[in-house]
Amino acid sequence: MKLWSLSGNSQKLDGGAMFGNAPKAMWERWAKVDADNRIDLACRALLASPLNGKTVLFETGIGAFFEPALRERYGVQESRHVLLESLHAAGFEHEDIDVVVLSHLHFDHAGGLLAAWEEGASPRLLFPNATFVVGAGHWRRAREPHPRDRASFIAGLPELLEASGRLQLVEGDHCPALGGSVRFHHSDGHTPGLLLAEIVGPETVDGQAHGGVVFCADLIPGRPWVHVPITMGYDRNAELLIDEKRAFLEDKLARNVHLFFTHDPGCALAQVVRDPRGRFGTAHEHPELHARAFAG
């Protein structure tokens, strides 16, 4: 199996929103800010092939489905569908994808499921041969959003996914499409039913899988958020997220599972470490993955 990090459309969002209650004097050491107080954000996907005999895409980024006015409002930097270009550069097309795993259905993670915006055209689902994997708890949230995050969802997308006949909802730690090759961790602090997909490593120690790679989604958007107290203003429940994050990082450190970041513009993959004070950090950072052999 090989791994690719695939760039999708990039964003610029308000730094204060991305770092919650952390003061700007702290977070501007981690991220450059523009004149509008915005920071650069990636929308990075992970491609694994073959995984359980399939070509699997984890996330699709924000894509290019927004009309021009909304694209400007949400800081999307490109009008073309960058993820499709990245897939092509890696030797794949969207028709080649067998499984798309979606941590959640917020537009910056699921918008890439849709074709690029065209005036007068209805939204159109891409990936015609893929099974779409979504957490069952989050699916319920997406069907009935709360006013707190209603604007984060794409109107009509759940109906398109359901109509495809290829939707697979996950309740437990595994799904039929990927079997034991992928283990799912569940989180509710950012949004109910967030799925964190771990490509299971090759070693087993005391009955636990060691090695592997986990897609951190919005539990840990990038390196600055590895620091446990740092959360986003977009998170549903910051205190719950902090508790979930601490347990998640302790587990990944103990089992040497590497972290894959979707929103960090400078780092795709890193190893989690902990310093003598007990603070988590990262090491062995990789900005990109190009057909990287999976060695756990």
Side-chain angles (χ1 to χ4, degrees), residues 1 3 5 18-20 22 26-27 29-31 42 44-46 48 51 58-59 101 103-104 135 170 172-174 178 180-191 193-232 235 237-289 292-296:
M1 182 174 63
L3 304 177
S5 61
M18 288 301 299
F19 289 105
M26 175 183 289
W27 63 254
R29 295 179 293 171
W30 306 325
R44 182 184 294 107
L46 173 63
L51 174 58
F58 296 86
E59 302 261 308
V101 178
S103 69
H104 60 307
V170 179
D173 296 345
H174 302 281
L178 297 172
S181 300
V182 172
R183 173 189 176 189
F184 293 105
H185 308 267
H186 300 263
S187 167
D188 295 312
H190 176 67
T191 186
L194 183 76
L195 280 188
L196 303 156
E198 177 187 336
I199 301 175
V200 175
E203 298 181 48
T204 302
V205 180
D206 296 328
Q208 293 287 319
H210 280 238
V213 173
V214 64
F215 196 102
C216 294
D218 279 346
L219 178 67
I220 309 175
R223 289 167 292 179
W225 294 269
V226 171
H227 185 38
V228 170
I230 302 300
T231 62
M232 295 187 289
D235 295 329
N237 184 327
E239 290 187 4
L240 175 60
L241 185 139
I242 286 170
D243 293 340
E244 292 175 335
K245 190 198 307 188
R246 181 183 292 109
F248 180 85
L249 288 170
E250 288 175 348
D251 173 63
K252 304 307 170 284
L253 177 64
R255 297 191 295 111
N256 192 32
V257 177
H258 285 59
L259 310 179
F260 187 92
F261 301 125
T262 185
H263 288 314
D264 192 317
C267 181
L269 186 75
Q271 184 179 23
V272 60
V273 295
R274 185 159 49 189
D275 68 18
R277 297 174 296 166
R279 175 170 167 162
F280 291 104
T282 56
H284 304 113
E285 299 170 353
H286 300 272
E288 298 177 332
L289 306 178
R292 179 185 174 92
F294 180 72

Asp275 side chain to Arg277 backbone, donor-acceptor under 3.5 Å: yes
Anything under 30° is parallel, anything over 60° is perpendicular, the rest tilted; go ahead and classify His104 against His190. perpendicular
Give the minimum heavy-atom separation between Val182 and Ala197, together with the two atoms involved. CG1-CB, 4.0 Å
For the residue pair Arg183 and Val214, establish whether any side-chain heavy-atom pair is separated by less than 4.5 Å. no
Which distance, rounded to the nearest 0.5 Å, do you find between the CG of Leu269 and the CG of Asp264? 11.5 Å
Any non-hydrogen side-chain atom of Val101 less than 4.5 Å from a side-chain atom of Phe215? no
In terms of heavy-atom contacts, Ala270 and Glu285 come closest through CB-CG, 3.9 Å
Rounded to the nearest 0.5 Å, how far does NZ of Lys252 lie from NE2 of His185? 3.5 Å
How are the rings of Phe19 and Trp27 set relative to one another: parallel (under 30°), tilted (30 to 60°) or perpendicular (over 60°)? parallel
Taking the side chain from Arg255 and the backbone from Ala209, do they hold a donor-acceptor pair closer than 3.5 Å? yes
Flag side-chain contact, heavy atom, 4.5 Å: Val228 against Leu249: yes
Is a donor on one side and an acceptor on the other found under 3.5 Å between the side chain of Glu59 and the backbone of Ser103? yes
Shortest non-hydrogen pair, Glu244 vs Asp188, comes out as OE2-N, 2.8 Å
How many angstroms lie between atom OG1 of Thr231 and atom CD of Glu239, to the nearest 0.5 angstrom? 10.0 Å
Between Ile220 and Phe248, is any pair of side-chain heavy atoms under 4.5 Å apart? yes
Which pair of heavy atoms, one from Ser5 and one from Leu289, lies closest together, and at what distance? OG-N, 2.8 Å
Quick one: pull up NE2 in His227 and CZ in Phe280 and give me the separation to the nearest 0.5 Å. 11.5 Å
ring-ring contact (aromatic ring centres under 6.0 Å, His included) between His258 and His286, worked out: CA-CA 11 Å; His258 285 59; His286 300 272; 7.7 Å; no
Quick one: do the His284 and Gln271 side chains pair a donor with an acceptor below 3.5 Å? yes
Which pair of non-hydrogen atoms, one from Leu241 and one from Leu219, has the smallest distance, and what is that distance? CG-CD1, 3.9 Å
Would you say that Ile199 contacts Phe260 through its side chain, given a criterion of any heavy-atom pair below 4.5 Å between the two side chains? no
State, yes or no, whether a side-chain contact exists between Thr282 and Phe261 at a heavy-atom distance under 4.5 Å. yes
Min side-chain heavy-atom separation Asp235-Met232 under 4.5 Å: yes
Exam field: side chain Thr262 to backbone Arg44, donor-acceptor pair closer than 3.5 Å: yes
Check: Arg246 side chain, Asp243 main-chain N or O, donor-acceptor pair, under 3.5 Å: no
Are the side chains of Asn256 and Glu203 in contact, using a 4.5 Å heavy-atom criterion? no
Assess the residue pair Val213 and Phe58 against the criterion (side chain to side chain contact (heavy atoms under 4.5 Å, CB included)); give the C-alpha distance rounded to whole Å, side-chain angles, the decisive distance to 0.1 Å, and a yes or no. CA-CA 12 Å; Val213 173; Phe58 296 86; over 6 Å; no
Looking only at heavy atoms, what is the nearest atom pair of Trp225 and Lys245, with distance? O-NZ, 2.6 Å
Any donor and acceptor pair, going by atom type alone, linking the side chain of His186 with main-chain N or O of Leu195 inside 3.5 Å? no
